[in-house]
*Asks:* 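So that we are looking at the same thing, I have put the structure below in structure tokens.
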Amino acid sequence: FLYFFYFLTYGIIFLTNSHFNLQESLFFGGADGQSYVTISQDAPFITSEQIIPIHSERFFFPYLIGLISKLSNIEIFFTYKILVFVILFFINFYLFKIFTFLKLEKNFITIILAIVNLNPYISRFYIAVPTIINDLIFILGTTIIFKNLLEEKRFNFLFLLGCILSFASRQTGVAYLIAYLAKILICKKRILDIKSEFLISCLFILFLVLSIFYSSHTFTDPTARSELYSIEMRIFGLFLQSSSL
């Protein structure tokens with residue numbers, strides 16, 4: 001029933017959703033996508049275009065998508081769109097697993113999935129503006145990590161995959177390490193063993209180094225990154241930028 005509900009839901013969404021081309025998607029809320037498409041177009045090489053550091057630091061999946069597009073001979077924007085549907089499916093798949101583990105009633109699960117899928121921000125936005133796929137990959141990674149922690153499976157391949165998806169898609173992945181450290185300091189309790197913690201820390205450092213390496217080749221102003229990540233910009237950025245209310 002739940003899988004039938006999922007396919008029915010996405011059939012309706014697909015038929016009623018906006019389906020922008022690349023230029024329309026850049027105009028209607030996906031301006032960051034220009035950076036990601038540029039990374040995809042120039043893969044397997046580092047792009048020579050000037051890209052905002054915060055975007056080029058998220059190069060990993062746009063780079064992979066560029067390789068997939070060229071190897072499969074499928075147009076880049078269309079490749080993004082196909083992968084959005086694949087990722088949405090797996091987000092729902094792991095949500096099914098979580099709700100089944102919690103032994104929720106079928107009707108209640110249906111309501112929750114309707115809230116997740118029929119709101120405009122999880123499904124419709126990414127279908128219309130697929131180049132912002134990094135955010136959706138981060139949601140998938142979060143869902144996988146949460147599933148494993150909830151089921152107390154500790155460290156396994158799936159947990160590692162969730163960490164990879166989170167760390168490689170957005171800088172926000174560092175929040176998981178901070179939260180984990182806070183849990184150890186405050187609750188005096190470890191979820192993982194020392195070896196697993198070390199492996200995940202190395203994984204994070206690897207993606208951090210790769211991101212900085214790739215990003216450093218996409219801008220010429222050495223202060224570009226430091227200004228974006230300054231304390232003032234991180235905390236008071238909204239007030240420092242000349243934006244209307």
Side-chain angles (χ1 to χ4, degrees), residues 2-37 39-40 52 54-55 57-58 60-62 65 76-99 102 104 107-147 149-150 161-176 179 234 237-238 241 243-245:
L2 291 172
Y3 282 107
F4 170 76
F5 173 77
Y6 167 80
F7 286 111
L8 178 64
T9 299
Y10 272 92
I12 293 170
I13 291 172
F14 182 81
L15 293 174
T16 60
N17 208 69
S18 297
H19 295 277
F20 299 140
N21 59 35
L22 176 58
Q23 293 306 315
E24 289 171 335
S25 73
L26 298 178
F27 181 77
F28 292 113
D32 295 358
Q34 182 62 67
S35 299
Y36 304 136
V37 169
I39 292 169
S40 299
I52 297 173
I54 203 167
H55 295 162
E57 287 169 4
R58 303 169 186 168
F60 188 78
F61 288 110
I65 291 170
I76 286 175
F77 187 73
F78 191 62
T79 304
Y80 272 93
K81 189 140 188 169
I82 292 171
L83 290 174
V84 161
F85 280 100
V86 172
I87 294 166
L88 285 169
F89 173 80
F90 280 106
I91 288 173
N92 278 270
F93 176 79
Y94 288 113
L95 286 177
F96 290 163
K97 294 285 188 181
I98 289 170
F99 299 149
L102 294 174
L104 301 181
N107 291 339
F108 188 50
I109 294 176
T110 305
I111 292 170
I112 298 174
L113 291 176
I115 292 171
V116 170
N117 290 293
L118 295 176
N119 80 80
Y121 301 106
I122 298 295
S123 54
R124 291 188 180 276
F125 175 73
Y126 293 105
I127 292 170
V129 187
T131 53
I132 314 298
I133 199 171
N134 271 15
D135 296 354
L136 202 59
I137 294 171
F138 184 80
I139 293 172
L140 174 59
T142 301
T143 307
I144 292 173
I145 290 172
F146 182 73
K147 172 188 175 294
L149 293 180
L150 190 67
L161 176 63
C163 291
I164 291 172
L165 294 175
S166 301
F167 294 158
S169 57
R170 286 184 61 87
Q171 299 93 327
T172 323
V174 71
Y176 293 144
R234 293 296 89 199
L238 181 64
Q241 299 172 13
S243 304
S244 64
L245 182 60

*Asks:* Please confirm whether the ring centroid of Phe89 lies under 6.0 Å from the ring centroid of Tyr6.
*Replies:*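 Here the rings of Tyr6 and Phe89 have centres that are less than 6.0 Å from each other.
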*Asks:* Enter the distance from Phe93:CZ to Ile98:CD1 here, rounded to the nearest 0.5 Å.
*Replies:*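 Phe93 atom CZ to Ile98 atom CD1 measures 11.0 Å (nearest 0.5 Å).
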*Asks:* Taking side chain to side chain contact (heavy atoms under 4.5 Å, CB included) as the test, write out the residues that go with Arg170, two or more places apart.
*Replies:*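 Residues passing side chain to side chain contact (heavy atoms under 4.5 Å, CB included) with Arg170: Arg58, Asp135, Phe138, Thr172.
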*Asks:* For residues 112-131, which residue pairs qualify under salt bridge (charged side-chain N to carboxylate O under 4.0 Å, His left out), counting only residues two or more places apart or in two chains?
*Replies:*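 Not a single pair qualifies under salt bridge (charged side-chain N to carboxylate O under 4.0 Å, His left out).
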*Asks:* Taking C-beta and beyond as the side chain, do Lys147 and Leu150 meet within less than 4.5 Å on heavy atoms?
*Replies:*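 Lys147 does not reach Leu150 side chain to side chain.
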*Asks:* How about Phe61 and Leu165: do any of their side-chain heavy atoms sit closer than 4.5 Å?
*Replies:*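 Yes - at least one pair of side-chain heavy atoms lies under 4.5 Å apart.
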*Asks:* Could you state the interatomic distance from CD1 (Ile76) to OG1 (Thr131), rounded to the nearest 0.5 Å?
*Replies:*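 One gets 11.5 Å once the value is rounded to the nearest 0.5 Å.
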*Asks:* Any side-chain heavy atom of Tyr94 sitting closer than 4.5 Å to one from Leu140?
*Replies:*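 In short, these two side chains touch, coming nearer than 4.5 Å.
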*Asks:* Where do Ser25 and Phe77 land on the side chain to side chain contact (heavy atoms under 4.5 Å, CB included) test, with the steps shown first?
*Replies:* CA-CA 10 Å; Ser25 73; Phe77 187 73; 3.8 Å; yes
*Asks:* With a 4.5 Å heavy-atom cut-off, do Pro130 and Phe78 have their side chains touching?
*Replies:*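 Side chain of Pro130 against side chain of Phe78, heavy atoms only: no contact under 4.5 Å found.
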*Asks:* So, does Asn117 use its side chain to make a donor-acceptor pair with the main chain of Ala114 at under 3.5 Å?
*Replies:*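 No, the answer is negative, given that no donor and acceptor are paired below the 3.5 Å cut-off.
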*Asks:* Does the side chain of Leu104 reach to within under 4.5 Å of the side chain of Ile112, using non-hydrogen atoms?
*Replies:*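 Side chain of Leu104 against side chain of Ile112, heavy atoms only: contact under 4.5 Å found.
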*Asks:* Let me see the working for Thr142 and Tyr176 under side chain to side chain contact (heavy atoms under 4.5 Å, CB included), right down to the final yes or no.
*Replies:* CA-CA 9 Å; Thr142 301; Tyr176 293 144; 2.3 Å; yes
*Asks:* Once rounded to the nearest 0.5 Å, what's the spacing between atom CD1 of Ile65 and atom CZ of Phe60?
*Replies:*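 With rounding to 0.5 Å, CD1 (Ile65) is 11.0 Å from CZ (Phe60).
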*Asks:* Can you see which heavy atom on Phe167 is nearest to which on Gly173, and at what distance?
*Replies:*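 In this case the closest contact between Phe167 and Gly173 is CE2-O, 3.5 Å.
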*Asks:* Which atoms form the tightest heavy-atom contact between Ile137 and Ser169, and what is the distance?
*Replies:*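 Residues Ile137 and Ser169, closest heavy atoms: CG2-CB, 3.9 Å.
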*Asks:* Has the side chain of Gln34 got a donor or acceptor atom that lies under 3.5 Å from a matching backbone atom of Ala31?
*Replies:*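 No, because the side chain of Gln34 does not come within donor-acceptor range (under 3.5 Å) of the backbone of Ala31.
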*Asks:* Measuring from Phe85:CZ to Ile127:CD1, what's the distance to the nearest 0.5 Å?
*Replies:*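 Going from CZ on Phe85 over to CD1 on Ile127, the span is 4.0 Å.
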*Asks:* Restricting to non-hydrogen atoms, name the atom on Ser123 and the atom on Ile13 that form the minimum distance, rounded to 0.1 Å.
*Replies:*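 It is OG-CD1, 3.7 Å.
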*Asks:* Do the non-hydrogen side-chain atoms of Ile91 and Leu136 ever get within less than 4.5 Å of each other?
*Replies:*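 Yes - at least one pair of side-chain heavy atoms lies under 4.5 Å apart.
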*Asks:* Side chains of Asn134 and Asp32, heavy atoms from C-beta outward: is any pair under 4.5 Å?
*Replies:*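 Contact flag for Asn134/Asp32 side chains = no.
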*Asks:* In Å and rounded to the nearest 0.5 Å, what is the CG to OH distance from Leu88 to Tyr126?
*Replies:*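 Output value for this atom pair is 9.5 Å.
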*Asks:* If I take atom CG from residue Asn119 and atom CZ from residue Phe125, how far apart are they, to the nearest 0.5 angstrom?
*Replies:*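 Here the interatomic distance stands at 12.0 Å.
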*Asks:* Is the side chain of Ser40 donor-acceptor paired with the backbone N or O of Pro62 at a distance under 3.5 Å, no angle test?
*Replies:*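 Yes.
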*Asks:* Step through it carefully: locate the ring centre of Tyr3, locate the ring centre of Phe96, and say whether they are under 6.0 Å apart.
*Replies:*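 Here the rings of Phe96 and Tyr3 have centres that are less than 6.0 Å from each other.
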*Asks:* Passes side chain to side chain contact (heavy atoms under 4.5 Å, CB included), Ile133 versus Tyr36? Steps please.
*Replies:* CA-CA 9 Å; Ile133 199 171; Tyr36 304 136; over 6 Å; no
*Asks:* Between Lys81 and His19, is any pair of side-chain heavy atoms under 4.5 Å apart?
*Replies:*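 Yes, their side chains come closer than 4.5 Å.
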*Asks:* Go through Leu22 and Val37 one step at a time and tell me if the side chain to side chain contact (heavy atoms under 4.5 Å, CB included) criterion holds.
*Replies:* CA-CA 9 Å; Leu22 176 58; Val37 169; 3.9 Å; yes
